[in-house]
2 protein chains.
Amino acid sequence: MTGIDDVAKLAGVSTATVSRALSGRGHVAPATREKVAHAASQLGYVVNAEASSLATGRTRNVGVVVPFLNRWFYTSVIEGAQRRLMQYGYDLTLYNLSGNEHERASVFEHFLLRKRVDAVLAVSLELTADEVDSLHALGRPLVGVGGPIPGVPTFSIDDVAVTKLATEHLLSLGHRVIGHIGGDVERELSFHLPTHRRAGYELALRDAGIEPDPELYFPAVFTMESGYQAAKQLLGGPRHRPTAIVAASDEMAIGAIIAARDMGLEVPRDLSVIGIDNHDLAPFFNLSTVDQHPELQGERAVELLMKALQQSNGDDVPAVDQPLPFDLIVRGSTARVPLTAAAVDSAHG
Amino acid sequence: MTGIDDVAKLAGVSTATVSRALSGRGHVAPATREKVAHAASQLGYVVNAEASSLATGRTRNVGVVVPFLNRWFYTSVIEGAQRRLMQYGYDLTLYNLSGNEHERASVFEHFLLRKRVDAVLAVSLELTADEVDSLHALGRPLVGVGGPIPGVPTFSIDDVAVTKLATEHLLSLGHRVIGHIGGDVERELSFHLPTHRRAGYELALRDAGIEPDPELYFPAVFTMESGYQAAKQLLGGPRHRPTAIVAASDEMAIGAIIAARDMGLEVPRDLSVIGIDNHDLAPFFNLSTVDQHPELQGERAVELLMKALQQSNGDDVPAVDQPLPFDLIVRGSTARVPLTAAAVDSAHG
DNA sequence: CAGGGGCCTGCAAGCGCTTGCAAACTCGGG
DNA sequence: CCCGAGTTTGCAAGCGCTTGCAGGCCCCTG
């Protein structure tokens with residue numbers, strides 16, 4: 001394979017000059033730069049990343065750690081991150097934690113330690129303290145996405161605000177009996193997002209003078225199936241049936257829509273449903289939702305990493321969570337509360 | 001950071017011995033090996049991948065090239081591939097071609113040429129001849145998944161056989177008027193999979209003595225939305241309504257199921273639907289399908305790459321397509337043809 | 001007891017690139 | 001015409017690891 005020596009020979013200069021000309025560092029006479037560029041392209045020369053890394057200490061590669069791959073949110077974040085990384089000339093190496101405990105541990109204790117990455121992007125992970133420590137021990141910039149990580153700069157949407165917005169949308173349509181499908185209670189300790197989303201829902205209700213009714217909340221993991229089951233219970237329960245549901249994710253919301261249909265309810269005539277995400281499938285199901293722009297989250301995280309890499313002292317990016325924008329998207333799954341229900345409700349109040 | 005020298009000093013041996021002890025190459029006395037291992041773990045030493053790569057010429061990293069990320073099939077293949085790669089101690093760096101033309105080109109002309117990968121796994125790509133050339137020019141083992149690539153060893157399911165199997169399942173249930181939703185005709189030139197799947201459908205019909213009716217075929221891209229639209233046309237057309245539909249993917253099949261429901265048809269009473277994939281969502285929609293085990297495809301591809309890497313002359317893996325297993329999974333979306341339709345059909349015959 | 005053949009281990013030369021340092025050269029002002 | 005400052009280039013020393021080679025040791029055989 002052609003190496004820097006070949007280019008140097010062809011261009012009639014030293015390897016040092018080739019290196020400087022191609023990397024843009026240091027002074028090179030324009031004519032020389034031109035000669036070198038020409039020789040390099042003629043030979044199809046591309047700098048050997050490994051050798052360059054060894055010499056500079058910078059790999060032009062970032063590690064992206066995800067808890068799962070097979071979910072819309074993660075792949076979207078990765079897509080956004082990768083797009084930006086490519087623009088900066090960086091590779092992306094992927095670490096997926098969805099294997100067993102042993103594999104998860106080995107990512108932190110072995111793979112990431114090989115100094116193959118300049119920086120790490122942690123997507124939507126709730127990490128143990130040990131894991132955070134071992135990431136810090138890398139001495140590389142570290143940024144999180146999809147939820148705050150203590151001691152780490154992160155980008156995420158405000159999970160409270162986001163369900164608050166969704167709930168307010170329903171309130172503004174006149175709904176008063178609003179159910180919630182969200183986080184699995186058992187996992188709340190290790191994964192705060194669902195709790196936050198539920199808090200936003202409750203906050204919006206209280207702001208509207210409505211005391212949240214625990215019987216209108218059903219836990220679910222973040223899948224259609226689980227949303228379906230929760231909605232069935234919510235809609236079929238002994239209680240006064242809600243006129244609207246806010247689900248903590250679009251997939252659960254879609255499950256709820258399908259459950260409603262199966263129960264003979266028409267959306268949005270008999271039931272309004274709103275989710276969070278703006279999932280790929282949301283338009284198809286005509287689902288109102290709150291767009292959380294995951295690709296943007298990935299892009300912003302990469303930008304921050306790049307900034308951190310440019311500074312000599314990588315650590316002076318403040319370790320706080322930066323909120324990212326989100327947008328209410330009204331489609332056809334939400335509508336004004338039906339008159340009858342409104343009447344029932346006002347009779348209540 | 002601790003380097004090999006530190007370990008050598010602590011263990012009281014030379015760096016050469018540390019290297020040999022840790023890598024398992026060459027002879028090292030058991031006692032020495034033990035000492036070194038102890039010193040290394042005490043210091044938390046992990047070999048620097050960059051330096052090791054430079055010295056050995058092997059990176060312990062493979063590039064995975066995908067056309068999109070945000071689709072079930074690709075992420076599933078990647079998950080399988082990554083799992084295996086981890087077991088072999090390999091990293092995975094991801095190249096996503098879903099950007100613009102320029103970005104796509106730069107993956108082939110720049111990123112992959114940096115010698116950062118030992119091998120390349122190309123997932124479900126229909127590559128241009130130039131692109132295949134540039135992959136070969138890497139001089140690294142190359143394996144494809146998800147469809148044959150000329151001149152490259154690949155793993156994939158037999159796309160003809162797979163829809164043939166699905167169609168035969170419907171035939172065995174007594175269906176005679178079977179529609180197909182599949183590949184977008186416009187893309188057929190560059191992407192053969194849909195055509196193959198359609199061919200399998202037609203083959204099964206002919207084997208059963210039924211001449212495929214072009215009006216029972218509707219093109220669609222591989223999304224729910226598109227499957228929904230195609231199914232609406234298929235079911236609402238002027239012709240004799242089919243009693244069953246075989247869709248070229250589960251997402252299209254699910255679209256079809258929803259379309260049927262929206263038209264007041266009950267699945268499987270009024271219409272049987274079968275897809276291909278065994279998508280994550282298939283169980284939820286109770287969809288009969290043909291499982292194509294994408295994670296397995298990823299795993300097998302990695303195994304072949306590893307074998308190729310072990311051989312001195314990387315190229316003597318035969319450049320043929322190896323068929324992988326697939327399995328009919330019968331769920332609740334397919335059933336015996338209704339008597340009335342059967343009667344109509346026999347009246348026809 | 002001498003000699004031969006394995007085993008272990010260390011030495012040192014790279015792997016392909018970057019970069020501090022210094023030499024050589026250019027140019028303008030005095 | 002000379003000198004100094006600035007520009008351009010090359011030299012060579014690494015970056016941290018691997019590995020061919022050779023030396024030292026030990027043990028077995030004749």
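A, B, ... follow the sequence lines: proteins, then strands. Residue 1 opens every chain.
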For [X] against [Y], the heavy-atom pair lying closest together:
X: A:S53; Y: A:A49; value: OG-O, 2.6 Å
X: A:L305; Y: A:V120; value: CD2-O, 3.9 Å
X: B:Y74; Y: B:S124; value: CE2-CB, 3.2 Å
X: B:V47; Y: B:S52; value: CG2-CB, 4.0 Å
X: A:Y95; Y: A:G63; value: CE1-CA, 4.1 Å
X: B:I149; Y: B:A122; value: CD1-CB, 4.2 Å

Exercise for review: Establish, for the pair A:R71 and A:F73, whether the NZ or CZ atom is under 6.0 angstrom from the six-membered ring centre and no further than 45 degrees off its axis.
Suggested key: no

Starting from [atom2] on [N], measure out to [atom1] on [X] and report it in whole angstrom.
X: B:R114; N: C:dG16; atom1: CZ; atom2: C1'; value: 15 Å
X: A:I4; N: C:dG14; atom1: CD1; atom2: C1'; value: 17 Å
X: B:K35; N: C:dT9; atom1: NZ; atom2: C1'; value: 11 Å
X: B:D5; N: C:dC11; atom1: CG; atom2: P; value: 12 Å
X: B:E34; N: C:dC8; atom1: CD; atom2: P; value: 15 Å
X: B:R25; N: C:dC8; atom1: CZ; atom2: C1'; value: 17 Å
X: A:R60; N: C:dT18; atom1: CZ; atom2: C1'; value: 14 Å

For [range], which residue pairs qualify under salt bridge (Lys or Arg N to Asp or Glu O under 4.0 Å), counting only residues two or more places apart or in two chains?
range: residues 94-112 of chain A; result: A:R104-A:E131
range: residues 39-56 of chain A; result: none
range: residues 81-100 of chain A; result: A:R83-A:E299, A:R84-A:E299, A:R84-A:E303, A:D91-B:R114, A:D91-B:R116

Keeping the roles fixed (side chain from [X], backbone from [Y]), state whether a donor-acceptor pair exists under 3.5 Å.
X: A:D118; Y: A:T59; value: yes
X: A:Q82; Y: B:L94; value: yes
X: B:T17; Y: B:V13; value: no

Please tabulate, one pair per line, all N/O donor-acceptor pairs under 3.5 Å involving side-chain atoms of residues 31-43 of chain A, not counting sequence neighbours.
from, atom 1, to, atom 2, distance (Å)
A:R33, NH1, A:A21, O, 3.4
A:S41, OG, A:H38, O, 3.3

Review point. With sugar-phosphate meaning primed atoms plus P, OP1 and OP2, does B:T32 contact a base, only sugar-phosphate, or nothing at under 4.0 Å between heavy atoms?
Key: sugar-phosphate

Review point. Looking for any heavy atom pair under 4.0 Å, which part of the strands does A:V18 touch: base, sugar-phosphate only, or nothing?
Key: nothing

Revision key, fill the gap. Reading nucleotides 20-28 of chain D from 5' to 3' and marking B where a protein heavy atom lies under 4.0 Å of the base, S where only the sugar-phosphate is that close, and - otherwise, the string is B--------

Filtered N/O pairs between nucleotides 22-28 of chain C and protein, under 3.5 Å:
none

With [X] via side-chain contact (heavy atoms from CB on, under 4.5 Å) - residues at least two apart:
X: B:N70; value: A:W72, A:T75, A:S76, A:E79, A:D280
X: A:L54; value: B:A51, B:L54
X: A:A81; value: A:L121, A:V302

Nucleotide N/O of nucleotides 4-7 of chain D paired with protein N/O under 3.5 Å:
none

Practice item. Can you figure out which of D:dG10, C:dT18, D:dT8 approaches the side chain of A:S19 most closely? Key: C:dT18

Practice item. Describe, as an angle rounded to 10 degrees, how the axis at the first end of the helix from C:dC1-D:dG30 to C:dG30-D:dC1 is tilted relative to the axis at the last end, five pairs per end. Key: 50°

Review point. Quick one: on DNA chain D, does A:T15 or A:V28 contact a more 5' nucleotide (nearest heavy atom)?
Key: A:V28

Review point. Does OP1 or OP2 of C:dC8 have a side-chain N or O of B:T17 closer than 4.0 Å?
Key: no

Point to revise | Positions of residues 44-58 of chain B (non-hydrogen atom under 4.0 Å from DNA chain D), listed by number | key: B:Y45, B:V47, B:N48, B:A51, B:S52, B:A55, B:T56

